[in-house]
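Start at 1 and go down the list; that is how both ligands and their atoms are numbered. Sequence positions, counted from 1, serve as the residue numbers for this chain.
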Amino acid sequence: MTDKFAQLHRLEIVQQLAAQTAVFWNNPQQLPATEGLAQVGLTLEDVQDAAARLQRFAPLIAEAFPESRSRGGIIESEVVALPAMQHALMQQGSLAGKLWLKKDSHLPISGSIKARGGIYEVLVLAEKLAVDAGLLSEQDDYRRLLSPECREFFGRYKIAVGSTGNLGLSIGIMGATLGFQVIVHMSADAREWKKQRLRDHQVTVVEHEDDYSVAVEQGRQTAANDPYCFFIDDEHSHTLFLGYAVAGLRLPEQLAALGISVDREHPLYVYLPCGVGGGPGGVAFGLKLAFGDAVHCFFAEPTHSPCMLLGMSTGYHDAISVQDIGLDNQTIADGLAVGRASGFVGRAMQSLIDGCYTLSDQRLADLQLLLHRTENIQLEPSALAGMQGPLWVCSDPTSQLDKATHLVWATGGSMVPDEEMQRYLAMGQAQ
Ligand SMILES: *Cc1c(COP(=O)(O)O)cnc(C)c1O
């Protein structure tokens, strides 16, 4: 542990994190939803504004990405029940209530939760540039932005971003489709196939030997000296956060269509894999706006990269990194390989989430194999982090969760090449 944080060693939670123990942390600072929401600094109107913008872009998305046409160009995913997986998990612990999966792993365009925030921020930028240049008004058919004239206009601008893979993939594909020059700074964890997919889209990929924080910093510097270059800031962006939050507002209708009630008597438990925090934070914010105190949100992280749990439990937020307590930030969950959480998200969510927990890489691999065997659903390792949550929550003997809905947020995986998927599955051990 570095000197600056030596006093933290007295905290039991920090000792456990430093020892790579799988832990469950109840957030002592959680407030009732109305009070917690007031501390975020963003409002329901902001999220509704984002939802309306995505609606305006829907015809363009449908035109450019055929796989989004079944929902009219709205980038949304299915919720499915996991009866066989639930049965298998119940051999390992208690799991009262019913288990469901939110398949952001199968979102159109980039096959991960980043198809929400990342794509949304590119659309915000494109709309603003085009409106300011007199090429577009809000009443227009947005498909006009795909015209050669507009593409040439966007081609004067660059977008830079730092990523562990999926954010770069989302921003790269969306940006390149509109004609932007996109430069993606990839951390060392980024998978080769993600880089190749971007190069196929004429995106410039800059590879770094270092982790996510360094890749982001390089992206920031690329943009700093170039007025035509916009940096998408995964550590601070409110725009990304709002793009994710739209998911929360859409969920009530989706659950109602499945006959799932959510209220105080039928609580909703949602388990969100957490990297820097924007994705899970934004979704949890939207869920709290939609369901208030009836929804309980948990962030899930690998034992090697518990940056959000560390930041929240110590109150240091982005002033502390997992390396500061001797962890290596090396994990098979490449989407979660983040050593330092977003300070904005940590503070915004401090009063809203119920808790955080960690799990080992081996456990991620085991859950991945179990889901494959029981439900024939294939995800990337990061996306399994949520699957441990129901067992943690139900292990509390005082919990009364027979009427609960457990929603595991599957954050990525449908675009993983088959060969790579087989390698992941080979790491899992049958129970
Ligand atoms: C990015 C990512 C996450 C977490 O999102 P953050 O905004 O980094 O917290 C979770 N799962 C996958 C697959 C991801 O790519």
Pairs under 3.5 Å, N/O atoms on ligand 1 and on the protein: can you put them in a table with the distances?
unit_1	atom_1	unit_2	atom_2	d
ligand 1	7 (O)	Gly278	N	3.3
ligand 1	7 (O)	Gly279	N	2.7
ligand 1	8 (O)	Val276	N	3.0
ligand 1	9 (O)	Gly275	N	2.8
ligand 1	9 (O)	Val276	N	3.2
ligand 1	9 (O)	Gly277	N	2.7
ligand 1	11 (N)	Thr411	OG1	2.7
ligand 1	15 (O)	Lys114	NZ	2.7
ligand 1	15 (O)	Asn166	ND2	2.7

Going from CZ on Arg53 to OG1 on Thr239, what distance comes out if it is rounded to the nearest 0.5 angstrom?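 Between Arg53 CZ and Thr239 OG1, I get 8.5 Å after rounding to 0.5 Å.
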Side chains of [X] and [Y], donor plus acceptor under 3.5 Å:
| X | Y | answer |
| --- | --- | --- |
| His406 | Gln86 | no |
| Thr164 | Asp189 | no |
| Glu127 | Tyr142 | yes |
| Asp211 | Gln323 | yes |

Between Tyr357 and Phe298, ring centroids under 6.0 Å: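 No: the rings miss the under 6.0 Å criterion.
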